[in-house]
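Here is how names work: the chains are called A, B, and so on, in the same order as the sequence lines, proteins then strands, and each is numbered from 1. Not measured: the values here are computed from a predicted model.
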Amino acid sequence: MFIEVDGVEKVFDVRRKTGFLKRERRQVRAVDSISFTVARGEMVGYIGPNGAGKSTTIKMLTGILTPSGGRLRVAGIDPSRERTRLAHRIGVVFGQRTTLWWDLPLIDSYRLMHRMYRIPDDRYRENLDRCVELLELGGLLEVPVRQLSLGQRMRGDIAAALLHDPEVLYLDEPTIGLDVISKAKVREFLRELNGERGTTVLLTTHDLQDIEQLCSRVMVIDHGRMVYDGALAGLHEAGGSERILVVDLERELPPIEVGSAARVVKVEGPRQWLAFPAGESAAGLVARVAAEYPLVDLSVREPDIEAVIARMYAEKATA
Amino acid sequence: MAEATRLGEGLRAYRLIAGMWIRSTMTYRTSFALTVVGNLLITGMDFAAILLMFSQVDSLGGWTLPEVALLYGLSATAFGFADLLLGSMDVLGGRIRDGSFDTLLVRPAPVLAQVGADQFALRRLGRITQGVLVLGYALVAVDVEWTAAKVLLVPVMVVCGAVIFGSLFVAGAAFQFVAQDAAEVQNAFTYGGGTLLQYPPTVFGTDLVRGVTYVLPLAFVNWVPAAYVLGRPYPLDLPEWAAFAPPLVAGGFCVLAGLAWRAGLRAYRSTGS
Amino acid sequence: MGSGRLYAAVAAGGFRRYATYRAATAAGVFTNTVFGIILVYTYLALWDERPHLGGYDQTQAVTYAWLGQALYSTLAIQGGGAEKDLMARIRTGEIAVDLYRPADLQLWWLASDLGRAVFQMLGRGVIPFTFGALFFSMALPQDITTWVAFLVAVALAMIVSFGIRYLAALMMFWLMDDRGVTQTMMILGIFCSGMTLPLNAFPDPFGDIVQSLPWAAQLQMPANVLMGEVSPWHAYAFQAGWAVVLLAAGRLLQSAATRRVVVQGG
C-alpha cells in the first residue's frame, strides 16, 4: 500500500488558563488511534468538522508533526524521520496559505521550485507546460502574485506543488473561497491528474461537491476517530442524508406526486421543494417531474457535510 | 559526511531563498535605497550617542574615543554581519502563529536554512557600513604598536563575533518555538549584547562583566581581544591567552545554538504549536 | 455626553487590545530592563567624569535613564503606536470607512492611542522603573504632589507624542511607502527625545535647539518635573503649547487629506 496508517495517535498537551496565574494541563487526543491504507492512484476525500483532527493527520502524513504513537508510512518512508527525503515525493497545497512569492511574477516561484527540488530541466519544462495549459496559467506567469485573484492563486499554488512530479498530492481545502468557475477548473484538473498520471490524491474539504465530483472514497473523522471509510453513497446512507430538488412550476399546483422517489417538504406559490436520498442520482427524478409537470426552472441543493455527520451520529446513538 | 552534505544543502537553500527576497525587495527600488540609508542612520545613532558623550568628556571609564570606537566598530560590524545573515529570524514566531511555518517543513531543505533566509534584507548592509566606517577610523586613530598577532586578531574578532551573535539569533529563534510572542526577549540578548559591547568593560559593574564573561561569554567578541590589541588590562584578570579564545567560544556558541534549535524544532513537531 | 462615552470606549479598546499580548509585554519588560542596566552604567561613567553635566547629579542621571526605559513604549518614542494602524488603513484604503463614522477622526485615534499608552505605562513601564529604583540609587521625590505633577506631565507627553505621530501617519495620503516616514520619525524620536542622552547634556548650542523642539515635551519634561528641575507650570505650558500646535496642524492636514479622499472617491 502506498500510504499506511496503523493505530496512529497524536496527543497534545494543552495548557489552559483557569485563573490569574493558575494553569490547567490537559491532554487532548487530536488523533485517536486511526488506521487506514491508501493504494497508489486512489483519490480520497478526508472530511470532518473543524478541529476533528484532519489537519493533524495531514501534518503527520507530510512529516510536519511526529505521531505520539502508531505506525505511519508513505511510499515506504517514515515521514517524521525522513522529512526531507519524503518532501521530494509529495506535493502539498495549503488552501488558505499561499507558498507563492507575493511581490514576484508567478514564474519566479516556479523557478525556485525548479532549483530547490533539483527538477531535471526537461521534466520541469514538460510539467510546467502541462500545468500552464490545464490550469490556464498562460497569461499569468509574468504577473506578480499579489495581483492574482484568489482562484488564480490557488491554481498557481497547485501547479507549484506538482512541478517535481510528486507521487501523492495533499490538498487542504483546495476550493475554499473560490468562485464556481474556479472550483470547476480545479476539480477538472485534479480529475485529470489522478486519471491520466495516476497521482494519488488526498484532499480535505468542507465542500461535499468536491468529494462527490472527485472521490470514489471518503474518510470521515470526528473527535480524532475514524467514523466512516467507504464510498460516498454509503456515507449518505449512513447519514440518511437527503438532497433537495427545488422546482419552479409555471403556476401554483398541488404538491408534486412522484411516488417513493421523493417527497415534497415545502410549497411556496409555484415553487416546491422535493427531498430525495442523497445517494441517488437526480436525473431520473428530474426526468419524471419534467415529463409530468409544467417546468420553468429547477436546481439541486446539496446536503451539507456537517448535517450529514451530525445525522450519522444521531442514528448511531439511537441504534 | 552526512553532516557536510546537510550543510551544503542548507547553504544552497539559503542562497536560493535569500535571492528571492532580494528580487522581491528590488521591485521597490526607491524604497530599498531609502531603507539602506535609514538603516545606516538608525544604527549609526549609537555611535552618535558616543560622540555626544565625548563632546563633554575626554575619556569614558578610562578609555579614549578611538579606543571606544574600536570596541564599537568591532561590535557593530560583527553584529551587522550576523544581523544581515540571520537577523530576520524573529519573524519565526509570527510564522508559527499564522501557520505558514508548516509550509517550510514540506520542502526538501533544512528548516534552519529556510528560516535563516526568511525575509532576507539587504538594507542591513547599512549597519555593516557604519560599523566598518567606525572600525576604519578606530584602526587609524588608536595608538597601537601593531604586531602580526594584533593585526590577525582584528578579522578574527569580526568573524568570531559574527558567529557568536549569529548563534544568539538562532537560539532566540529556537526560544520562539516555546514562546511565540516573546521575540523581544531575543532582542535583549542580541541588540542588548551588541550595545553593551560598544562600551568599555570598565564602565560596567563587576557582576555584569562576570556574567558576560563566564555565563554568556560575549566578552570574547571584543572586550578581551581588543584589550590585548590596545595593551590594556583584561577585564577580570583573565590569563594572557584569553585574547585568542574567540574561535573556541564561537565554536561553543554554535554547538549550543544548534542543540537549542534542534530541541525547539523537535518540541514544535511534537506539539504543533 | 454621548460622545465622551464613545471616546472612553475607544480608549478602553486600545488598552484591552495591547493587554491581550501578555507574553509580548513580559518580553518587553525584560528587554527594557536589560537596556536600562546598560544605559545606566554608561551614564554613571559619564557623570563620574563630569559630575554635574547638564545640571544633573549622578542619581538624577540614573533616574532619567530608567524613566526613559519606562516611558519608551508608552510614548512610542520610535513609533509603533496607533499611527502604525492608521498608516495601514490609509494604505489599504480602509480609512474611507473611518471617515464615515459619526466620530472625529483625530479624536478617535487619539483616544485609541491614549488607551494603548496607559496600558504600556502600567504593563511595560512600572516594572523596569521599580527594578531601577531597587538596585540603583535614584532621585525620587518624597511628596505625593510632585508625583501627581509628574503624572500630569506624562499625560501631556502622551498627547504631544500622538500629535507628532499623527502628522507622520497622515503623510501616507500623499506617499506610496511608509518606510521613509517611519524611519525619519524613528531617528528624530530617539535622538530629539533624549533617549540616548538627556537633552540638557547635549553640547551647546545643539542642546538649546533640541530642548525647544516638541520631542523635548516627551521625556525631558516629565523627567524634569519628577526631579524638581523645572516648575510644573512651566513644563505644562511648554507641553500644552506644542500639543495645541501639533493637533491643530494635524487637523489642517487631515482636512486636506480627506478632501483628497473625497475627490478620488475613496
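To the nearest 0.5 Å, atom CG of residue B/Leu41 and atom CG of residue C/Leu188 are 10.5 Å apart.
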Donor and acceptor N/O pairs, chain C versus chain B, under 3.5 angstrom:
from, atom 1, to, atom 2, distance (Å)
C/Thr31, OG1, B/Glu184, O, 2.8
C/Glu49, OE2, B/Ser59, OG, 3.0
C/Arg50, NH1, B/Gln56, O, 2.8
C/Arg50, NH1, B/Gln56, OE1, 3.2
C/Arg124, NH1, B/Glu184, OE1, 3.4
C/Arg124, NH2, B/Glu184, OE2, 3.1
C/Asp177, OD2, B/Ser31, OG, 3.4
C/Arg179, NE, B/Ser31, OG, 3.1
C/Arg179, NH2, B/Ser31, OG, 3.4
C/Ala201, O, B/Gln56, NE2, 2.5

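Across every non-hydrogen atom of B/Ala188 and C/Phe35, the tightest pair is CA-CE1, 4.5 Å. Here the closest heavy-atom approach between residue C/Ala27 and residue B/Val185 is recorded as CB-CG2, 3.4 Å. Shown here for B/Leu52 and C/Pro203, the closest heavy-atom pair between the two residues is CD2-CD, 3.4 Å.
Looking only at heavy-atom pairs under 4.5 Å with chain B, the residue among C/Leu197, C/Ile190, C/Leu46 that has the most is C/Leu46. Per-residue heavy-atom pair counts under 4.5 Å with chain B were compared for C/Ile38, C/Leu44, C/Val34, C/Leu53, and the maximum is reached by C/Ile38. When each of B/Phe54, B/Phe204, B/Phe189 is scored by its heavy-atom pairs under 4.5 Å with chain C, the top score falls to B/Phe204. The candidate from B/Gly61, B/Ala49, B/Gly205 with the greatest count of non-hydrogen atom pairs under 4.5 Å with chain C is B/Gly205. Interface remark: of the candidates C/Ala26, C/Gly180, C/Gly54, C/Ala24, C/Ala24 forms the most heavy-atom pairs closer than 4.5 Å to chain B.
Looking at B/Leu208, the atoms closer than 4.5 Å to chain C (heavy atoms on both sides) all sit in the side chain, from C-beta outward. Both the backbone and the side chain of C/Ile187 come within contact range of chain B, each with at least one heavy atom under 4.5 Å from a heavy atom of that chain.
Remark: C/Val118 pairs with C/Phe15, C/Leu122, C/Met158 by the side-chain contact (heavy atoms from CB on, under 4.5 Å) rule, at least two apart or across chains.
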